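All chains are named by letter (A, B, ...) in the order of the sequence lines, taking the proteins before the strands, and each is independently numbered beginning at 1. Since the structure is predicted, the reported quantities are computational estimates derived from the model, not experimental observations.
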Amino acid sequence: MFNQYQLNGIFDEMFEAQDVPRPHYESVFGQLAELSSSAFQRRRRMADLSFRNQGITFTVYNDDNGVERIFPFDLVPRIVPASEWTMIERGLEQRITALNMFCHDVYHDQRILREGIVPPELIYSAQMFRREMIHVNVPNNIYIHVCGTDLIRDKDGNYLVLEDNGRTPSGVSYVLENRAIMKRVFPALFASYRVRSIEDYPYNLLQCLKELAQYRVDDPTIVVLTPGIFNSAYYEHSFLARQMGVELVEGKDLIVDNNFVYMRTTAGLRRVDVIYRRLDDDFLDPLCFRGDSILGVPGLMTVYRCGNVALANAVGTGVCDDKAVYPYVPAMIKFYLSQDPILKNVHTYNCQDTSDCNYVLENLNKLVVKSTNGSGGYGMLMGHISTKEEQDEFAAKIKSDPRNFIAQPIVELSQHPSLVADHFEGRRIDLRPYILYGKKPIVMQGGLTRVALEEGSLVVNSSQGGGSKDTWVVEDVR
Amino acid sequence: MGCGGRALTTQSEIDGQQEDERPIPKIVAATKPSRRVGERIVQSSLVQSAAGRSRPMLSRVAEAMYWMSRYVERAEHIARIVLVNSHMLIDLGELAPDMQEKQWLGVLRILRLDQRAEVQESLLAGKPLIGQHVSDFMANESNRSLISALTKARENARSIRENISTEMWETLNTLYWSLLGDDVKQRFEECPEEVFHSVIMGSLLFQGVSDQTLPHSQSWQFIQLAKYLERADMICRIVDTNFDILQSSGDFCETPLRNIQWMGVLRSCCSIEAYRRKYIGDMDPLNLAAFLLLDGESPRNVRYSVKAAQEAIAGIADSVHPQDLDSAERILGRLCARLEFAEMSELTGSSLKGFLNKIQLSLHEASSAIENAYFLH
């Protein structure tokens, strides 16, 4: 099945040269190479059926063929040796620590703005900067409790941070389910490895949420707030509530009274202490943010600002997700921690900067242009495969609103063998590890590897037809 | 009666407009009747201290749990009734061609489909209402079909996925997909029996799995409550409709045909084997009605179901407001007594209809009382 495998001149996760697997892939390669195509296909069908019967699906909008889809799962596991992982882990801890200090600073003393490290106009013009949070104290001064940071590898195999998701990152349920399914359909592959367990994630998340409770610390009522069954990540919301054994609530299940939040139960109202909300700031409270939202809880922000309920993540963390703020993260690390960043950023052109903007406009065909608040692979221009019309369209958009755009050189993501029809081909991947921050950062020992299933495509988002892989952090072989 | 519902009096209301569908979820929360919040808090603080051991349940979750269970039970009944009728009509076949139409119309009445526009149309157009037509209808996705009942059961389950066991969810989800696969049209055409049978077995499996994987606390009790209310109601409707048909055909039917039809009634209620053992196969209408309505041992009859529903609501009420008597509990308790101490004369001839009406009315009152007490906070 590896007969036609091409290295394509980019970094390959499995092979260091044609037909020569890296040491940590030797055993997996050996077993897969011996497997017949039909045996592999059989396992794939087992996995698909398993996903469907368990209802592990996500919702695709604008799709006539029903709304529920299986997240395509690629059975070849992605392996990260422990030595590499240690570096990633340290880098992520450093990053989330700095981002949390940044959030606290921005909503309090604003030292980083006053000292000119980050331009104030950038922050005040950020769509997701929340004035309502100024001088509001959140528990333990932590804003980002759950973070999903997207990492990619360049031509030389260096890990780079592509973006931080400090609002409501999703996908962690797939990490756990992918592992469960791999154990079910391919137990033999695990045999020669010591793969680190990821099963403690829901437990760690629950501990992290418990630490947010200000009162009734011994027995807080914790809930997961979902936008509802029609949300694309509904499965995950339900999954996490189930794994933690807490209630999954919708906005209409909650009510604010006398400056506390209650949920409506068969036995009347019951007070809620901590809300793990999977709802963007905008929809959280119609009295404070978008008035047309019926997903949230009227009055929630007032209760939150009084400290009578805790939210994870805190309101206002979107300011770190702004793609125009992202280039300043290395500077934040230096400023708050006096350290050098362990994980590097991808070089980024801020279109608000005149010289950067001119460079971007002249080199649209060599760059990826992104809107600063876009996500899910929407609102992007992939310069090298774009038409002249698309480039002109983006040029006009950038000129009319430079604050809203950034550009990055096209990074050749690393590739990994994936099943295509009846054999393996190289497909581009990224990696999203999940970091929890209760009293200290905890990095999950694995992550979501997303695969661009189209040949040559660099976009891995599930909304753009991407799939995923089980990701193993393994103790070093030698 | 404390349930705030309107009293139903006429048969047409019971037949036609009874609210036995889950109301479509309202998008704007504000349209629900608002109550004074303060009252509830006082009440709930009392409750929490008294019932600290049981965890409160979201009203939305309770409602979805209830409807999930009702729709699974309903799907099972739909499948069984259609299946039994197709079989019975093969036996009646040549002997009584005019029974075909009557019998299928009966099926539609039981399923509350007889008033539907397309059914009325085909009746007016003089098209024969044959089994294939009904089978086809059950396989499409319109309201009150088999597929629609299962879809609603699964949608409700999906919205409370974290509150039911993984095994329950997988059982229901697998059943759902087995009926929505690409090959289902073909399966319906080749062997509808296989499809209906798989739904019956799927529902029974779901109930067994629920009993053995979910703690027998409030959630489970809502499942029991809904299941038995639906079952009691369905059996009443089956008995009512079939006795009508058989009485209206008078002496026209010969005894062998009659027996086939009585057996059909028992089969539709999943009770034929139990009945045979008790009455050694003697098909007497009075025994049959007594068996389906008043027997205390068979889980497939009205008295047993009402008793089980009453126990479930008593359990719920006890964990939620132990001091007060629940109004649904009171209604079901009274109904239980009526069934337990019924006289055989109440089941003979024309009094049977009135008796059934009263049962159905009480069941309906109990449903509204439950909705008011637990779902509409």
Enquirer: Applying side-chain contact (heavy atoms from CB on, under 4.5 Å), can you list everything that pairs with B:Val306, at least two apart in sequence or on another chain?
Expert: B:Ala232, B:Val302, B:Leu332, B:Leu335, B:Cys336, B:Leu339, B:Leu363
Enquirer: Heavy-atom count around B:His197 NE2 within 6.0 Å, excluding the residue itself: above 12?
Expert: no
Enquirer: Which region of B:Thr171, side chain (C-beta onward) or backbone (N, CA, C, O), has a non-hydrogen atom less than 4.5 Å from a non-hydrogen atom of chain A, or is it both or neither?
Expert: neither
Enquirer: What pairs of donor and acceptor atoms, side-chain ones from residues 219-226 of chain A against any protein atom, are under 3.5 angstrom apart with sequence neighbours left out?
Expert:
residue: A:Thr221; atom: OG1; partner: A:Arg271; partner atom: O; Å: 3.4
residue: A:Thr226; atom: OG1; partner: A:Gly228; partner atom: N; Å: 3.0
residue: A:Thr226; atom: OG1; partner: A:His237; partner atom: ND1; Å: 2.8

Enquirer: Kindly indicate whether the side chain of B:Asn163, heavy atoms from C-beta on, has any atom under 4.5 Å from the side chain of A:Glu247.
Expert: yes
Enquirer: Out of curiosity, B:Met57 CE to A:Arg270 CZ, how far, rounded to the nearest 0.5 Å?
Expert: 14.0 Å
Enquirer: Taking A:Asn53 for the side chain and B:Thr174 for the main chain, is one N or O donor matched with an acceptor at less than 3.5 Å?
Expert: no
Enquirer: So A:Tyr235 and B:Arg158, do their side chains get closer than 4.5 Å, heavy atoms only?
Expert: no
Enquirer: Between B:Ser59 and A:Thr265 (side chain of the first, backbone of the second, donor and acceptor by atom type, cut-off under 3.5 Å), is there such a pair?
Expert: yes
Enquirer: Of the listed residues (A:Ser238, A:Gly55, A:Gly251, A:Gly245), which shares the most heavy-atom pairs with chain B below a 4.5 Å separation?
Expert: A:Ser238
Enquirer: Do the side chains of A:Thr266 and B:Gln218 get nearer than 4.5 Å, heavy atoms only?
Expert: yes
Enquirer: Please flag which part of B:Phe222 lies under 4.5 Å from any non-hydrogen atom of chain A: side chain, backbone, both or neither.
Expert: side chain
Enquirer: Quick check: does any side chain N or O of B:Tyr374 sit under 3.5 Å from a backbone N or O of A:Ala267, one acting as donor and the other as acceptor?
Expert: no
Enquirer: Once you round to the nearest 0.5 Å, how far does CD1 of B:Ile164 lie from CZ of A:Arg242?
Expert: 9.0 Å
Enquirer: Does A:Asp253 reach the main-chain N or O of B:Leu58 with its side chain, forming a donor-acceptor pair under 3.5 Å?
Expert: no
Enquirer: What heavy-atom pair brings A:Arg52 and B:Trp177 nearest, and what distance separates the two atoms?
Expert: NH2-CB, 3.3 Å
Enquirer: State whether the number of non-hydrogen atoms from other residues, nucleotides or ligands found under 6.0 Å of A:Glu199 atom CD is greater than 12.
Expert: no
Enquirer: Could you tell me which residues in residues 205-215 of chain B have at least one non-hydrogen atom under 4.5 Å from a non-hydrogen atom of chain A, sorted by residue number?
Expert: none
Enquirer: Could you go through residues 307-316 of chain B and list every donor-acceptor pair under 3.5 Å that involves a side-chain atom there, pairing it with any protein atom two or more places apart or in another chain?
Expert:
none

Enquirer: Should A:Lys252 and B:Arg60 count as side-chain neighbours, where that means a heavy-atom distance under 4.5 Å?
Expert: yes
Enquirer: Between CD of A:Gln243 and CD of B:Glu162, what distance do you get to the nearest 0.5 Å?
Expert: 11.5 Å
Enquirer: What part of A:Glu250 gets closer than 4.5 Å to chain B, counting heavy atoms only: side chain, backbone, both or neither?
Expert: both
